[in-house]
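Naming: A, B, ... by sequence-line order, numbering from 1 per chain. Worth saying up front: this structure is predicted, and the values here are computed from it rather than measured.
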2 protein chains.
Amino acid sequence: MGIWRAARGIVVAREGAIDPCSSCLARPVSVCNVIPESDLARLAAAAVEAEVPAGRTFINEGEPADWFFNVTAGSAKLFKLLPDGRRQITGFAGIGHFLGLAVSDTYAFTAEAMEPLRYCRFSRTRLRALLDDYPLMEKRLLEVAANELVAAQEQMLLLGRKTARERLAWFLMDMSERIPAPDRLELPVSRQDIADYLGLTIETVSRTMTQLQDDEFIALEGCRQVLMRDRQALQDLAA
Amino acid sequence: MGIWRAARGIVVAREGAIDPCSSCLARPVSVCNVIPESDLARLAAAAVEAEVPAGRTFINEGEPADWFFNVTAGSAKLFKLLPDGRRQITGFAGIGHFLGLAVSDTYAFTAEAMEPLRYCRFSRTRLRALLDDYPLMEKRLLEVAANELVAAQEQMLLLGRKTARERLAWFLMDMSERIPAPDRLELPVSRQDIADYLGLTIETVSRTMTQLQDDEFIALEGCRQVLMRDRQALQDLAA
DNA sequence: CGTTGTGTTGATATTAATCAACAAGTGTGG
DNA sequence: CCACACTTGTTGATTAATATCAACACAACG
């Protein structure tokens with residue numbers, strides 16, 4: 001339990017319970033033995049590891065997409081910006097997440113560390129060679145990409161068709177499903193981030209949160225601590 | 001030009017100009033020689049081909065995800081529904097598109113043919129065997145999935161943060177970029193479908209369309225024929 | 001203590017949705 | 001070829017949801 005399959009910083013998959021402090025944003029995935037122990041050294045040589053302080057971006061939308069990233073510690077928010085500053089957070093990345101997969105000459109989003117973060121990156125050519133040598137790694141990537149696509153479609157339904165109330169309920173359920181004790185939820189993000197993730201304003205998020213509290217679906221114990229009082233009602237709302 | 005690399009109905013990639021009648025929804029992709037001619041017969045044996053009449057669904061959200069599809073003719077809309085009937089179209093699929101990739105026991109969306117459609121489908125186990133035998137096919141799938149992910153993020157920005165005007169402008173630009181003569185655009189979808197794709201109502205789509213006409217950005221020649229009069233302005237709006 | 005950042009609440013404005021009527025195509029049968 | 005129904009699209013009036021603008025509360029921090 002809780003053991004990661006890591007190749008000198010390359011976290012390919014992880015298992016079981018989640019470290020609740022640093023990355024409740026990472027979903028658990030089952031371990032697959034993608035890279036033989038004997039090859040770790042060779043792999044490590046191909047990778048560049050680095051640390052990113054909280055608040056710093058390490059992938060910038062529009063810049064040349066030269067690298068492929070794997071998050072090995074911490075977490076990040078991924079977003080797109082409009083020229084006038086409107087922002088849409090498209091997702092969060094925790095330990096084990098892969099970033100910069102797309103075949104495009106520039107990055108399609110910005111990634112900003114939400115807490116001190118470590119990554120391990122490869123040049124695209126190295127990545128290609130890596131995938132040629134480890135077909136299981138490629139399978140894993142395809143699996144990951146396919147799942148993210150499903151999540152993205154879910155998010156489109158939310159952004160295009162759900163009310164503020166439904167969005168919040170969905171968000172709370174989604175967040176709480178990722179942690180061991182899902183009744184007491186510590187929100188890992190600010191109101192602004194929730195708003196930008198759900199396509200709302202901070203004011204609407206705040207108001208809707210108190211509204212859910214008035215309905216006794218949740219109880220707020222400080223603005224980051226949420227007690228889930230009626231999971232069924234929230235689930236029904238989230239639809 | 002216009003030659004597809006098809007293995008008895010398996011369209012893996014296509015090249016060059018697009019057949020404007022049946023599938024202006026398919027983006028062109030460069031040809032990659034994924035499957036050797038000699039293996040076509042073996043492949044065809046593993047696949048089930050079928051025809052779907054316009055308006056019929058052939059993938060249903062929530063049903064067991066036993067098959068993996070490849071569209072070989074026609075086009076489809078992909079959508080998710082809420083219990084009360086609200087609908088979000090998450091994308092369109094044309095010739096060469098792959099559907100049902102995700103590792104999940106049920107489909108995450110519904111696919112409905114927009115015109116008579118042909119597909120070629122494999123069981124998941126067959127697919128796995130196929131990918132083991134043709135790593136290039138797997139690479140292609142990863143490439144496709146990664147690109148769709150980028151498109152999905154773009155759509156999230158649109159649904160979460162753009163105005164009706166911006167959404168329409170983006171839609172018109174996006175549609176017109178897929179056809180050979182991008183100044184005269186024949187919309188392949190109804191107002192209802194545009195609305196469900198952009199997270200709006202038909203009324204808002206209709207109003208915004210006439211508004212764009214009043215601004216002389218476009219001219220409507222019948223509700224499906226759009227003359228793009230000021231592509232630059234539309235591009236700026238689409239952001 | 002002030003200061004700053006973050007969150008909440010209130011008043012008002014704005015956008016898009018809803019409800020409703022009508023117009024324009026499209027297809028069918030006489 | 002026309003009358004009719006039927007679907008699809010447009011326009012208008014009104015409402016509802018959320019955004020915007022503004023004030024204030026609260027906590028963290030020097």
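Here salt bridge (Lys or Arg N to Asp or Glu O under 4.0 Å) pairs that include residues 67-78 of chain A, with residues two or more places apart or in two chains, are A:K77-A:E112, A:K77-A:D193.
For the segment residues 206-227 of chain A, residues with any heavy atom less than 4.0 angstrom from an atom of DNA chain C are, sorted by number, A:S206, A:R207, A:T210, A:C223. A heavy atom lying under 4.0 Å from DNA chain D marks the following residues of residues 156-172 of chain A, by number: A:T163, A:A164.
Distance, B:R86 CZ to C:dA16 C1': 15 Å, rounded to whole Å. In this structure, B:I202 places its CD1 atom 10 Å from P of D:dT8, rounding to the nearest Å. Following rounding to the nearest Å, A:L187 (CG) and C:dT8 (C1') show an atom-to-atom distance of 15 Å. Nucleotide D:dT11 holds its C1' atom 13 Å from the CZ atom of B:R191, rounded to whole Å. Regarding B:L200, its CG atom lies at a distance of 16 Å from the C1' atom of D:dG9, rounded to whole Å. The distance from atom CG of A:D193 to atom C1' of C:dT6 is 12 Å, rounded to the nearest whole Å.
Among residues two or more places apart in sequence or in another chain, the salt bridge (Lys or Arg N to Asp or Glu O under 4.0 Å) test is passed with B:D214 by none. By the side chain to side chain contact (heavy atoms under 4.5 Å, CB included) test, A:A54 pairs with A:P116, sequence neighbours left out. Taking B:Q232 as the reference, B:D236 meet the side chain to side chain donor-acceptor pair (under 3.5 Å) condition, with sequence neighbours excluded. With sequence neighbours excluded, no residue forms a salt bridge (Lys or Arg N to Asp or Glu O under 4.0 Å) with A:E203. Among residues two or more places apart in sequence or in another chain, the side chain to side chain contact (heavy atoms under 4.5 Å, CB included) test is passed with B:V52 by B:R56, B:F58, B:A113, B:L117, B:Y119. Residues satisfying the side chain to side chain donor-acceptor pair (under 3.5 Å) test with A:T163, not counting sequence neighbours, are A:E166. With sequence neighbours excluded, no residue satisfies side chain to side chain donor-acceptor pair (under 3.5 Å) with A:E63.
Look at A:T201 and you'll find a side-chain N or O under 4.0 angstrom from OP1 or OP2 of D:dA19. Distances shown here put a side-chain N or O of B:T204 below 4.0 Å from the OP1 or OP2 atom of C:dA17.
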Decide yes or no on side chain to side chain contact (heavy atoms under 4.5 Å, CB included) for B:L81 and B:R86, but give the supporting numbers first. CA-CA 6 Å; B:L81 288 170; B:R86 279 173 289 173; over 6 Å; no
From CA spacing to verdict: side chain to side chain contact (heavy atoms under 4.5 Å, CB included), B:L141, B:L101: CA-CA 9 Å; B:L141 279 189; B:L101 202 56; 3.8 Å; yes
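Side-chain atoms of B:R161 come within 3.5 Å of backbone N or O of A:R87 as a donor-acceptor pair.
No hydrogens or angles considered: a donor-acceptor pair under 3.5 Å links the side chains of A:S176 and A:R231. Between the side chains of B:S75 and B:E115, at least one donor N or O sits under 3.5 Å from an acceptor N or O.
When the local axes at the two ends of the helix from C:dC1-D:dG30 to C:dG30-D:dC1 are compared, using 5 base pairs at each end, they differ in direction by 30° after rounding to 10°.
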Strictly under 4.0 angstrom, non-hydrogen atoms only: write out the protein contact profile of nucleotides 22-30 of chain D, one letter per nucleotide from the 5' end, B, S or -. ---------
